Each structure stands twice: as structure tokens, then as C-alpha cells.
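Have a look at the structure below, then the notes.
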Amino acid sequence: VLDIYDGLSDRAILSNILLKTALLYLCKATYMFSNIIFVCDKRRHLRMGRYKYKTVILENTPLDPGANLSKNFPNGDVTISIVGNMTKRRGAEVVMCALRKTQNIRFVVAGYLDDYSKERFLDNSRIEYLGVVSPEKSLEIIASSDAAFAFYEPDTENHIYASPSKLFDCLSVGRPIIV
């Protein structure tokens with residue numbers, strides 16, 4: 001069974017065409033030898049080509065957390081949540097710039113940090129880092145914020161075809177999203 005949440009060849013930013021082609025063929029071989037392939041949305045299903053017949057769509061959307069999470073709004077300084085990967089290439093510099101240019105914004109961050117982000121975030125008094133959390137906890141974090149950041153750069157096929165899970169999360173708890 002193959003579960004395609006992020007396609008390996010779609011995630012790679014490679015300038016070497018031979019390496020990119022080899023990675024694509026490795027993925028196709030995996031499709032060929034899998035009995036069932038799970039994808040997270042219809043757009044990925046359409047990209048499965050001749051392997052569509054053994055592909056099942058399991059939508060990457062959260063369950064409705066209920067109205068309780070969306071009723072309470074935070075007080076005090078503006079709080080922006082970031083849930084997911086935070087790297088130099090994926091938004092860490094934007095966060096640091098926002099902190100330099102404002103005085104009343106704080107960030108609550110949960111997920112994986114690269115070394116660049118750890119170096120800047122862990123000792124910053126306006127950034128609260130919570131580590132890796134469950135999907136349920138991530139909804140609580142977003143609901144306790146004024147807004148949430150989602151960093152998507154259309155620099156890989158995966159980002160172009162990514163399911164908008166952060167958008168669904170924000171909508172489910174009634175918070176705006178900054179993309």
C-alpha cells in the first residue's frame with residue numbers, strides 16, 4: 001500500500017534533470033508494485049495516469065472540531081500561529097522581519113524547525129515554540145490565535161498541488177489565514 005501525501009518527486013527542487021528523472025521513475029515503479037495507492041485529493045488522483053484504477057482518494061480535510069473552539073477570541077497582543085514545518089526557505093525570515101518591524105505581535109509555533117529557525121526562535125521572548133503536536137492540538141493553537149500563517153511557495157509540484165489543509169484548519173475554527 002502506498003500513501004501519497006507529498007509525492008517524493010514533486011517535493012524535490014532539483015536542477016539536475018537526470019536526478020529528477022531517476023526520482024520520477026522510482027516513484028512510478030513504486031506505483032506499479034503497489035496494490036493500492038492512497039492520495040489526499042482529487043487533483044493528485046488526476047495526476048496518477050495509468051495507475052488511477054488502483055488509487056483511492058482519502059480527503060485531507062480535518063473533522064469539524066465543533067463550535068467551542070471558534071467562540072473564544074484571544075485578548076492582548078496579536079498572536080499569530082504557525083503550525084507545520086518552519087525553515088529558512090519556508091517563512092522563518094518572514095517571521096523574523098515581522099518581529100523586527102512590530103512591537104505587539106507574538107508567534108506561537110508548533111512543528112518541525114530547521115537549524116536556522118531553532119537558532120532564531122528558541123531564545124526569542126516573542127516566539128513560543130511548542131514542538132511537534134497532534135492535529136487536535138494544532139486546531140487548539142490556531143483557535144487561540146488571532147490569525148495563522150501558512151507558507152506555500154510554488155517552487156515544487158508538491159506545493160502547487162498541496163491540499164489546503166491549513167486553510168481548512170483555519171476555517172474550521174473561524175480564524176483568518178495569512179498565506
Side-chain angles (χ1 to χ4, degrees), residues 3-7 10-13 38-45 57-179:
D3 177 8
I4 302 176
Y5 178 74
D6 290 337
D10 292 342
R11 289 175 50 193
I13 300 175
F38 292 107
V39 295
C40 58
D41 61 32
K42 291 176 185 170
R43 289 189 305 166
R44 290 194 194 269
H45 182 254
I57 301 169
L58 292 176
E59 289 285 343
N60 183 26
T61 56
L63 297 174
D64 183 353
N68 291 338
L69 280 181
S70 63
K71 289 182 179 178
N72 299 320
F73 290 89
N75 292 319
D77 287 348
V78 173
T79 302
I80 299 176
S81 61
I82 303 168
V83 179
N85 294 332
M86 179 56 49
T87 65
K88 181 177 183 179
R89 205 181 116 247
R90 196 170 184 184
E93 290 178 326
V94 173
V95 171
M96 296 312 296
C97 182
L99 288 173
R100 282 192 301 276
K101 292 184 177 193
T102 63
Q103 297 303 312
N104 64 339
I105 292 180
R106 64 183 278 279
F107 289 92
V108 177
V109 179
Y112 295 100
L113 300 180
D114 67 353
D115 290 338
Y116 177 88
S117 302
K118 283 179 189 174
E119 195 174 294
R120 283 149 184 81
F121 287 17
L122 296 183
D123 290 332
N124 192 308
S125 62
R126 292 171 51 203
I127 298 176
E128 179 182 359
Y129 177 61
L130 304 174
V132 178
V133 299
S134 68
E136 295 80 18
K137 181 67 176 169
S138 72
L139 288 178
E140 290 175 22
I141 292 166
I142 294 168
S144 68
S145 303
D146 293 288
F149 261 144
F151 296 100
Y152 291 105
E153 258 188 88
D155 57 355
T156 66
E157 290 288 316
N158 190 56
H159 289 176
I160 293 167
Y161 290 99
S163 291
S165 57
K166 297 289 184 291
L167 176 62
F168 292 142
D169 289 347
C170 290
L171 289 173
S172 74
V173 296
R175 295 301 182 270
I177 186 168
I178 304 164
V179 180

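Predicted model only: the values in this text are computed from it and were never measured.
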>> Rounded to the nearest 0.5 Å, what separates atom OG in Ser117 from atom CD1 in Ile127?
In response: 9.0 Å
> Looking at Ala147 and Ile178, what are the two nearest heavy atoms and their distance?
Replying inline: CB-CD1, 4.2 Å
>> So which atom in Arg90 and which in Met86 form the shortest heavy-atom distance, rounded to 0.1 Å?
In response: O-SD, 3.7 Å
> Between Lys118 and Leu113, which heavy-atom pair has the shortest distance, and what is it?
Replying inline: CE-O, 3.5 Å
> Does any pair with a residue in residues 129-149 pass ring-ring contact (aromatic ring centres under 6.0 Å, His included), and if so which ones, sequence neighbours excluded?
Replying inline: Phe107-Phe149, Phe149-Phe151
>> Pair Val95, Ile82 - check side chain to side chain contact (heavy atoms under 4.5 Å, CB included), show working.
In response: CA-CA 10 Å; Val95 171; Ile82 303 168; 3.4 Å; yes
>> Looking at every non-hydrogen atom in both residues, tell me the closest pair between Leu130 and Val133 and how far apart they are.
In response: O-CG1, 4.0 Å
>> Quick check against the 3.5 Å criterion: does Arg175 have a side-chain atom that pairs as donor or acceptor with the backbone of Cys170?
In response: no
> In Å, rounded to the nearest 0.5 Å, how long is the span from CG of Asp123 to CD of Glu119?
Replying inline: 9.5 Å
> Is there a side-chain contact between Val83 and Ile142, using heavy atoms and a 4.5 Å cut-off?
Replying inline: yes
> Which pair of non-hydrogen atoms, one from Ser145 and one from Thr79, has the smallest distance, and what is that distance?
Replying inline: CB-O, 3.5 Å
>> Quick check against the 3.5 Å criterion: does Arg120 have a side-chain atom that pairs as donor or acceptor with the backbone of Tyr116?
In response: yes
> Nearest heavy-atom pair of Ser81 and Ile141: which atoms, and what distance?
Replying inline: CB-CG2, 3.8 Å
> Going by the salt bridge (Lys or Arg N to Asp or Glu O under 4.0 Å) test, which pairs reach into residues 125-148, not counting sequence neighbours?
Replying inline: Arg106-Glu128, Lys137-Glu140
>> Treating Arg100 as the side-chain partner and Ala98 as the backbone partner, does any N or O pair qualify as donor plus acceptor under 3.5 Å?
In response: no
> Is Asp114 reaching over with its side chain to a backbone N or O of Lys88, donor-acceptor style, under 3.5 angstrom?
Replying inline: yes
> Hey, mind stepping through Ser172 and Leu139 against side chain to side chain contact (heavy atoms under 4.5 Å, CB included) and telling me if it holds?
Replying inline: CA-CA 8 Å; Ser172 74; Leu139 288 178; 3.7 Å; yes
> Ser125: what forms a side chain to side chain donor-acceptor pair (under 3.5 Å) with it, not counting sequence neighbours?
Replying inline: none
>> How about CG on Asn104, more than 12 heavy atoms from neighbouring residues, nucleotides or ligands closer than 6.0 Å, or not?
In response: yes
